[in-house]
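Note that these values count all heavy atoms, side chains included, but never hydrogens, waters or copies made by symmetry.
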Amino acid sequence: MLSNRVRFSQPTISLAAQVRRDELDDDEAAHCHDEESGVPHDDESSPGGDAGSPSSSSTTSNGIPLTVTVIESETAEPLRKRPKTASVWDHYNLDSVKHLYRCKYCSKTYAAKSEGKPGSNTTTLSAHINSMHPEMKAPPKPKPPPPSWMQKQTAPALSFFDKVAIDNRLVRWVVSMSLPFSFVENKELRDFMNYVKPSVQLCSRNTIKKRIYLNYEKMKKAMILILDDVPGRISLTCNGWTTDNGGDKYIVLTASWINAEWRMVGVTLDFLAVPEANTGEYLASKVFKILSEFRISQSILGVTVDGAPVMRVFCEELYKAIWQEKTVGEFDQHETEFRVRCHCHAVNKVAEVGLVAKNDLVRRIREQVIHIKMPKAKAEFQKKLCCRDIGIDRDSPTHWNSTSGMIRSAYVKRVRIGEFLSVRSGDIGKSILSKKEWEQMKALIDFMEPLETATKVCGGGNHATLHYGIPQFGMLRIHFRKMIQDQKAEMWLVEIAKLMAGKLEEVIKETWTEDGPIIGCLLNPCLKLMEFEAAAEKQRVTVILKGVYESYGARQLTTIASNNGILCPSDGASPDLDSYISARVGVVGSIGTEVEQYLGTTPDPKCDILEYWKRQEGNYRVLAKIARDYLAVTASSVDSEREFSVSGNVVTGPRNRISPEALRKTMCLKSWFKTISISKPNDKLVEVIID
C-alpha cells in the first residue's frame, strides 16, 4: 500500500535545531521549531499541516518561503496522529460535534482541527491560559539531561587493579605502535583523557617502563607454554645488527614452526645486545642459554643464517651444545640439526659478481645520484623536471636490489641527468655516462632481473621455506645457461653470465646440497622429483627421504605400541610377542609404502603446500610429520632482518637514549603480544596471562 509522499521545496530548520529536536521531547521540539523557523506548531493540527489539504505554505524567520505539498494516491493511508503530550491540553475540553476547544475556566472557545480546516495551535491556546488564567499556568517541564558524552564524568576513583589494567593496556599501545615511553606524558593526550574520563590518571614514563619489564616476564612464561605445545620441531633464524646512532650491536633470534592448523607461526625469541667484538663461540653460548630458558633446545631442527664466517662457527658450536644434551636414544644420524645459508644472501653474492664486472659504471652512477640528492642540487633538478619527486633513490651498496633499483630509475632520466650535470662545476661532470655505457647498464640490469625477482619473492613476507631454494637455484641455472649459449649475445655479457654461474654453484654447494634442503624440496607437492632430472639423482634423493622416514616411523611405532598396551600391558601380564610382531609388521609395512605412494603420484603445480599436507595428514601419517618439521625451516633470514627494520622505528634520531635492555624487552613484547593473540588458549596459558 502506498503511503503519502511529502515534498519540501525549501529547508526550514537549521542543522543545530534538527539535532536539538532529536534530543528533546515533543513539546520542546515544537517550541524549538517555532523559534528556529517561525512556523506555528500544533501537536494535532497546524496551519498548512492538514493531511487533507493538497498543499500549504508559510515563511521562515528569514523570509524564505516554505511550501509543503502532500501527494496522495488512491490507496493512501491517513497520516498517523501524534499523541497530545503538551500540558496546555489539560486546560481544554474537546467538543467533537462543533469541532471546538473549550476552556475549562471560562466560555472561551477555539477552533479544533476538522476536515479541510486547520485548528488552533498550542501557542494560541497557551497564550489564553497565560493571560486570562495565570494562576492555572503549569510549571515548565524540566529540561532533559544532556547526552552522556556531554556530561562531566564524576566516576569514583579507580582501584589499584583498575590502574594496573589501564597501565598494561597503555603498554600494549606503546609497544605495538613503537611509541616513545614519554608519549604517556604528552599534554594533549592527558587533556583528552581528562575530558573523556577525569578519573583516569595516566601513568608516567617511568611507570610505563616498569610495566614493560613486568609484562616481559609474564609474557615470557606464556610463550614458554605456547612453545611446549608446538606439535613439531622448531627452526631458527639469527642475524646481527648495528644501530646507526650509538653503534650498539645486537643479535636477533627468531623461531618458526607449523602449528596444529598447518599455519606457519613466527616469533622473536630475543633481541640481545652483544659486545662489538664477539665470536661464534660467544654467540652460540648466548643462543643456547636462550633456547634452554624457553625449553626448546632439543626441538631445534634448522638454523638459517647468512654466509659470514662467524655464523658458520656459531652454528657448529650451537650444534655441539645441543648434541651434548641428547641421550643416545635421542640421537639419530638422519635427524641431525643443519645450517641453511640464507637464500637471499646467496643470490646477493651471485648478483655482486655481475655488478663488480661493471663496477666503474656502477660507481659513476652512484656518484651522480648522490650529487643530485644533495639539497641545493636537488632543488635545481626539481625545477628542471618541474616536479617535486625526482624519482631517483640512493642505494645501499650491501643490498644489490637497491642498486638495481637505483640504476633502473637513473636510466629512465639519463638524458635529464646528463644535461643537468654537464653544466655543473667540479669533477661531477666527468662521471656522465655515454649512450653506449647506459645501454650496457640497462642490458646488465635486465639480465639480472630473475635474481631480483627471486630475492623479492623469498624475502617478501611469504614465509618461503626449504621447498623454495632448490627450484629457484635451478631456474637461475637455466637462465645463465641460456645466456652463455646465446650466439647473438654480446661477449661482455656472456663473460659476466659465466662468472655468475660459477658463483651460483659455489653458494649452492655450501649448504643447499645437504639432506635438509633436499627433503624440503621433495616434500613440495608441486614438484616432488621433478627438480631432479637424472635417474641416479632421483634414486639418491629418494634414499635420503627414506632414511629420515624410517627414523620417524620407528618413533611412531613405539608410540603406537605404547598406546595400544603392547609394550606395557595395563593388566600387568607379560607382553604378547605375537601382538607386538603383528603391530610392528603393520607399521613397517605402511612405512615402506608411503614414500613410493607419495612420490608416485602426479605433482600438482597449483596447490597450496601447507593446505595439501593438512588434507593428506590422514593418508601420509609419517610423511606429514616430516613435512611439519622440515617445511618450518625458512629459506632466508628475512624474519630476523625484518625485526631490525622494526627496531629502526624504536631507535631513532630523537630517541637514541633508550637502553639496550629496554629495547630488548620492547621488541620481544611487540612480537609476543601478536603471537599470543593468535594462539589457541588453554587453562595454563590463561592463568599466566591474567595473573
Side-chain angles (χ1 to χ4, degrees), residues 232-239 256-257 280 284 299-323 326 331-350 454 458 464-477 502-524 527-534 536-552 595 599 609 623 625-638:
R233 300 186 71 175
I234 299 171
S235 296
L236 306 175
T237 69
C238 186
N239 217 327
S256 60
W257 65 90
S299 301
I300 303 303
L301 180 59
V303 182
T304 306
V305 294
D306 59 26
V310 66
M311 285 300 176
R312 299 179 188 176
V313 178
F314 156 73
C315 289
E316 293 173 358
E317 295 299 322
L318 180 62
Y319 299 154
K320 290 179 182 178
I322 293 176
W323 294 341
K326 286 182 178 289
F331 185 83
D332 191 289
Q333 62 176 348
H334 296 294
E335 295 185 64
T336 57
E337 297 74 13
F338 56 90
R339 176 177 71 95
V340 177
R341 179 171 184 178
C342 172
H343 181 274
C344 294
H345 283 85
V347 174
N348 189 72
K349 290 297 182 182
V350 177
C458 186
T465 62
L466 285 183
H467 73 278
Y468 179 87
I470 293 179
Q472 281 295 325
F473 287 134
M475 292 173 60
L476 295 179
R477 274 197 185 112
K503 187 64 177 180
L504 177 65
E505 296 301 325
E506 179 183 333
V507 298
I508 290 176
K509 290 179 181 179
E510 185 174 343
T511 59
W512 286 92
T513 56
E514 296 181 358
D515 293 357
I518 291 174
I519 294 170
C521 182
L522 291 175
L523 294 177
N524 181 357
L527 293 174
K528 299 183 180 179
L529 287 169
M530 291 178 60
E531 192 60 32
F532 307 95
E533 299 176 357
E537 186 69 7
K538 290 183 178 181
Q539 183 178 0
R540 184 182 73 86
V541 298
T542 302
V543 171
I544 292 174
L545 179 58
K546 286 184 176 180
V548 177
Y549 190 77
E550 290 175 0
S551 63
Y552 272 75
V595 174
L599 296 178
I609 298 176
L623 272 180
K625 292 182 179 295
I626 301 175
R628 190 190 297 276
D629 292 346
Y630 280 80
L631 293 182
V633 182
T634 58
S636 72
S637 59
V638 68

List the atom of [X], the atom of [Y], and the distance in Å for their closest heavy-atom pair.
X	Y	answer
Gly307	Arg341	CA-NE, 3.6 Å
Ser235	Leu301	OG-CB, 4.3 Å
Ala346	Phe473	CB-CZ, 4.1 Å
Gly280	Val313	CA-CG1, 4.0 Å
Trp257	Ala632	CA-CB, 3.8 Å
Leu476	Leu504	CB-CD2, 3.9 Å

How many angstroms lie between atom [atom1] of [X] and atom [atom2] of [Y], to the nearest 0.5 angstrom?
X	Y	atom1	atom2	answer
Leu623	Arg628	CG	CZ	13.0 Å
Ser636	Asn348	OG	CG	12.5 Å
Leu527	Ile470	CG	CD1	10.0 Å
Met530	Lys538	CE	NZ	8.5 Å
Tyr319	Ile300	OH	CD1	10.0 Å
Thr304	Arg339	OG1	CZ	10.0 Å

For Tyr468, ring-ring contact (aromatic ring centres under 6.0 Å, His included) partners two or more places apart: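 ring-ring contact (aromatic ring centres under 6.0 Å, His included) list for Tyr468, sorted by chain: His343.
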
ring-ring contact (aromatic ring centres under 6.0 Å, His included) involving Phe532 - partner list, sequence neighbours excluded: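 So Phe532 forms no ring-ring contact (aromatic ring centres under 6.0 Å, His included) with any residue.
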
Between Glu505 and Arg477, is the salt bridge (Lys or Arg N to Asp or Glu O under 4.0 Å) condition met? List the steps. CA-CA 9 Å; Glu505 296 301 325; Arg477 274 197 185 112; 2.6 Å; yes

May I have the list of side-chain donor-acceptor pairs in residues 517-524 shorter than 3.5 Å, sequence neighbours left out?
residue	atom	partner	partner atom	Å
Asn524	OD1	Cys526	N	3.0

message = Checking Asp515 against Phe338 for the side-chain contact (heavy atoms from CB on, under 4.5 Å) test, could you report, in this order, the C-alpha distance in whole Å, the side-chain angles of both residues, the deciding distance, and whether it holds?
response = CA-CA 9 Å; Asp515 293 357; Phe338 56 90; over 6 Å; no

**Asked** Given Lys546, which of Ile544, Thr542, Val543, Val548 fulfils the side-chain contact (heavy atoms from CB on, under 4.5 Å) condition?
**Response**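 Answer to the side-chain contact (heavy atoms from CB on, under 4.5 Å) test with Lys546 among Ile544, Thr542, Val543, Val548: Thr542.
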
Q. Taking atom CD of Glu537 as the centre, does the number of heavy atoms from other residues, nucleotides or ligands within less than 6.0 Å exceed 12?
A.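 Atom CD in Glu537 is packed in, count exceeds 12.
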
query: Any chance NZ of Lys528 has more than 12 other-residue heavy atoms, nucleotides or ligands included, within less than 6.0 Å?
result: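 Count over threshold, so yes.
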
Show every salt bridge (charged side-chain N to carboxylate O under 4.0 Å, His left out) that has at least one partner inside residues 465-476, sequence neighbours left out.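 Those involving residues 465-476 do not exist here.
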
*Who are the side chain to side chain contact (heavy atoms under 4.5 Å, CB included) partners of Asp306, not counting sequence neighbours?*
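Only Asn239, Ala308, Met311, His345 meet the side chain to side chain contact (heavy atoms under 4.5 Å, CB included) criterion with Asp306.
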
Those residues that, when tested against Lys503, pass side chain to side chain donor-acceptor pair (under 3.5 Å) (two or more places apart):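 Counting only residues at least two positions away or on another chain, Lys503 forms a side chain to side chain donor-acceptor pair (under 3.5 Å) with Glu506.
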
- Carboxylate-amine/guanidinium proximity below 4.0 Å for Arg312 and Glu510: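 Counted as a salt bridge, because a side-chain N and a carboxylate O are separated by less than 4.0 Å.
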
